[in-house]
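One structure is given here, and the rest of the page talks about it.
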Amino acid sequence: MLTSEVIEKGRKHISGVIVRDTELVVEKGEGSWLYTSEGERYLDFIAGIAVCNVGHCHPRVVEAAKAQLERLIHISISTAYYESVSELASELARLAPGEIDTCFFSNSGAEAVEGAIKLARYFTKRPGIIGFYGSFHGRTFGAVSLTASSWKYHSYYEPLLPEVYHVSYPYCYRCPYRLSPANCDLECLNEMRTLMRYQVAPDRVACVIMEPVMGEGGYVVPPARYVRELRKLTADHGILLIMDEVQSGFGRTGRMFATEHFQVVPDIMTMAKGIAAGLPLSALAAPRRIMDAWKPGAHGTTFGGNPVSCAAALASLKVIEEENLLGRAAEMGAYMKSRFEQMKQEHPFIGDVRGLGMMVGVEFVHPDGTPNGDAVTYITQRCLEKRLIVHPAGDHKHVLRFMTPLNISREDLDYGLAIIEETMREYRPS
C-alpha cells in the first residue's frame with residue numbers, strides 16, 4: 001500500500017484523539033532503528049515510549065513469540081494453566097524485591113494501576129488514595145484520577161474517582177519551598193503529614209502510589225532519603241505503598257526495578273511497558289499475604305497473561321540478564337548524562353540534567369529559569385528532520401526524555417547525541 005494511502009485511511013478512520021509525534025509510515029523496526037515505507041531510516045531514541053528495552057524485534061523475542069504462536073495463541077488464564085504464564089510469574093517473583101512473589105497479569109500499565117488500587121482498597125478496607133502532582137498513571141478512570149501531570153487528562157471527565165488526594169513530588173530542581181538538598185528537611189513529605197492531619201485520617205488511607213522516577217512529569221529522580229522516609233511513614237500507619245514501575249522497570253534505570261536504588265520494598269508494584277519487548281502485557285505484584293485478600297472473582301481478565309506476550313517477556317528477561325543490560329544501562333546512562341553535562345556548559349538554556357541509568361531527562365529553561373518548552377519543540381522537530389526521534393516530557397513539555405533501547409550500540413548513541421548537539425547549536429532562544 002502506498003504511504004499516502006496508509007496516512008489517508010488512518011486519518012479517516014482512526015480517532016483524532018491520538019496525539020501524533022510524526023506522520024511517518026513505519027514498516028520495520030530493527031534494534032535502535034525504524035524503517036519507513038519510503039525507505040528512510042530513523043534512529044529511535046524513545047523505543048516505543050520506553051517499551052522496547054531490548055530493541056525492536058530482538059531475534060530471541062521474535063523466535064519465542066513465533067514458537068508460542070504455533071502452539072497456543074489464546075485460551076484465557078481463567079480457563080487453564082499454561083507454561084509461559086506460570087514460568088513468567090515465577091521469574092517475576094524471583095526478580096521482585098522483598099517478599100513480593102505473586103502476580104496478576106493484565107494488558108496495559110493503566111490496567112495494572114487499576115488493579116493495584118482495587119487490591120489496596122480491598123485489602124485495607126479503606127477508601128483514601130494519595131498520589132503526587134506531576135505523576136502519570138494512565139488514562140482509564142481510576143488511573144486518570146491519580147494522574148496529575150496536566151489538567152488536560154481530567155477535563156470533561158469529572159467527577160473523577162472520589163477520595164483521591166495529591167501532594168508535591170520531591171522535584172528538587174523546582175522545589176516549591178525554594179530549598180536545596182543541603183538545607184532541605186523534607187518539607188514536601190510534611191505535606192503528606194499535613195494532608196493526613198486536616199483532610200483525611202491516616203487510618204482511612206488505603207495506599208500511596210508513587211513513580212520511583214517520575215515519567216511524563218519530567219524524569220525526576222527523588223532523593224533516596226525521601227523515599228525511605230515515605231516508606232516508614234506509610235508503614236507506621238498501615239498504608240500500602242504502591243510503586244508504579246510501568247516506565248522505570250525492567251532495566252531502564254540500571255536495576256531491574258528503580259525501587260531498588262532506594263533500598264525500599266513496596267507493598268505492591270505495577271509493571272508494563274518494557275515487560276514484553278513490545279507485546280501488550282502488564283502485571284501487578286504483591287506478597288501472597290496481600291494478594292490472597294482478593295477472593296476468587298473479585299478481579300479478573302480475559303486477555304491478561306496472553307501466552308504469546310508471556311513468551312516474549314520470558315525471552316526479553318533472558319536477554320536483559322544474559323547480555324548484562326542492567327550494567328550496560330548504568331554505564332551508558334552515566335555516559336549520556338556526562339555528554340549532556342558538557343552541553344550544559346555551552347548552552348545556558350539547559351537547566352538540569354538528571355536520571356538513573358538510561359532514563360535520562362534534560363530540562364530546558366528561559367534566562368529567568370522558567371520552563372522553556374519552545375526549545376524542546378524546536379529540538380524535537382529539527383531532530384526529526386535529521387531522522388532522529390526524540391520525545392518531550394514535563395508539564396510545559398520543557399524536558400527531553402531519553403529512553404533508548406538498553407542495548408543501543410555506542411556508535412548509534414554517539415550518532416544521535418551528535419545530532420542533538422548540532423541542533424542545540426542551531427537553536428536561537430527568542
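Under the 4.0 Å criterion applied to side-chain N and carboxylate O atoms, Glu163 and Arg204 are not assigned as salt-bridge partners. Ion pairing between a basic and an acidic side chain is recognised when a charged N comes within 4.0 Å of a carboxylate O; Glu331 and Arg328 show no such pairing. Salt-bridge check for Arg231 with Glu229: failed, with every basic side-chain N at 4.0 Å or more from each acidic carboxylate O.
Within a 6.0 Å radius of CD in Glu99, no more than 12 heavy atoms belonging to other residues, nucleotides or ligands are found. When the shell of 6.0 Å around CZ of Arg94 is examined, it contains more than 12 heavy atoms from other residues, nucleotides or ligands. Atom OH of Tyr157 has 12 or fewer heavy atoms from other residues, nucleotides or ligands within 6.0 Å. Enclosure of atom CD in Glu63 is not indicated, since only 12 or fewer non-hydrogen atoms of other residues, nucleotides or ligands lie within 6.0 angstrom.
For the salt bridge (Lys or Arg N to Asp or Glu O under 4.0 Å) test, residues two or more places apart in sequence or in another chain that qualify with Arg60 are Glu322. Not counting sequence neighbours, Asp368 has no partner by the salt bridge (Lys or Arg N to Asp or Glu O under 4.0 Å) test. Listed by chain and number, the residues in a side-chain contact (heavy atoms from CB on, under 4.5 Å) with Glu23 are Ile7, Arg11, Arg20 (sequence neighbours excluded).
Under the 4.5 Å side-chain criterion, counting only non-hydrogen atoms from C-beta, Leu119 is not in contact with His299. At a threshold of 4.5 Å between non-hydrogen side-chain atoms, the residues Arg121 and Arg126 do not count as touching. Between Ile389 and Leu24 the shortest side-chain heavy-atom distance falls below 4.5 Å. Between Met192 and Ile130 there is a side-chain heavy-atom pair separated by less than 4.5 Å. The shortest distance between side-chain heavy atoms of Glu211 and His137 falls below 4.5 Å. Here the side chains of Thr259 and Val265 are not in contact, with every heavy-atom distance at 4.5 Å or above.
Judged by the 6.0 Å distance and 45° axis criteria, Lys125 is not positioned over the aromatic ring of Phe123. Note that Arg410 lies in the cation-pi zone of Tyr335, set by a 6.0 Å cut-off to the ring centre and a 45° limit from the axis.
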What do the steps show when you test Phe349 against His366 for ring-ring contact (aromatic ring centres under 6.0 Å, His included), and what is the final call?
CA-CA 6 Å; Phe349 50 78; His366 291 293; over 10 Å; no

Worked check of salt bridge (Lys or Arg N to Asp or Glu O under 4.0 Å) between Glu245 and Lys273
CA-CA 9 Å; Glu245 292 268 9; Lys273 288 191 179 285; over 6 Å; no

For Met424 and Phe364: C-alpha separation, side-chain torsions, deciding distance, then whether side-chain contact (heavy atoms from CB on, under 4.5 Å) applies.
CA-CA 11 Å; Met424 285 186 186; Phe364 291 78; 3.6 Å; yes

Please test Asn407 against Glu323 for side-chain contact (heavy atoms from CB on, under 4.5 Å), starting from the C-alpha separation and ending with a verdict.
CA-CA 8 Å; Asn407 54 358; Glu323 296 185 10; 4.3 Å; yes

For a side-chain contact (heavy atoms from CB on, under 4.5 Å) check, start with the C-alpha distance between Thr301 and Ile77, then their side-chain angles and the critical distance, and finish with the verdict.
CA-CA 8 Å; Thr301 180; Ile77 195 171; 4.1 Å; yes

Starting from the C-alpha separation in whole Å, work towards a yes-or-no answer on salt bridge (Lys or Arg N to Asp or Glu O under 4.0 Å) for Arg354 and Glu363.
CA-CA 8 Å; Arg354 54 183 178 253; Glu363 180 162 343; 2.8 Å; yes

Given Asp395 and Arg174, is the salt bridge (Lys or Arg N to Asp or Glu O under 4.0 Å) satisfied, shown in steps?
CA-CA 12 Å; Asp395 55 353; Arg174 295 199 176 277; over 6 Å; no

Between His391 and Phe45, is the ring-ring contact (aromatic ring centres under 6.0 Å, His included) condition met? List the steps.
CA-CA 8 Å; His391 200 70; Phe45 265 28; over 10 Å; no

Taking it one step at a time, do Asp185 and Arg225 satisfy salt bridge (Lys or Arg N to Asp or Glu O under 4.0 Å)?
CA-CA 10 Å; Asp185 195 29; Arg225 178 169 158 242; 3.6 Å; yes

Might you work through the side-chain contact (heavy atoms from CB on, under 4.5 Å) test for Ile129 and Leu161, ending with a clear yes or no?
CA-CA 10 Å; Ile129 303 169; Leu161 192 69; 4.2 Å; yes

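Between Phe136 and Tyr153, the distance from one ring center to the other falls under 6.0 angstrom. Checked against a 6.0 Å centroid threshold, the rings of Trp294 and Phe104 count as neighbours. In this structure, the ring of Tyr42 has its center no less than 6.0 angstrom from the ring center of Tyr35.
Between the side chain of Ser316 and the backbone N or O of Ala312, no donor-acceptor pair lies under 3.5 Å. Not one N or O on the side chain of Ser135 forms a donor-acceptor pair closer than 3.5 Å with the backbone of Thr147. Judged by distance alone, with hydrogens and angles left aside, the side-chain atoms of Gln381 form no donor-acceptor pair with the main-chain N or O of Tyr378 at under 3.5 Å. A donor-acceptor contact shorter than 3.5 Å is absent between the side chain of Thr380 and the backbone of Val390.
When all heavy atoms of Asp412 and Ser32 are compared, the closest pair comes out as OD2-CB, 4.3 Å. Smallest separation of non-hydrogen atoms from Leu179 and Cys184: CD1-CA, 4.3 Å.
Ring geometry, His166 versus Tyr133: the interplanar angle falls under 30°, so the pair is classed parallel (tilted spans 30 to 60°).
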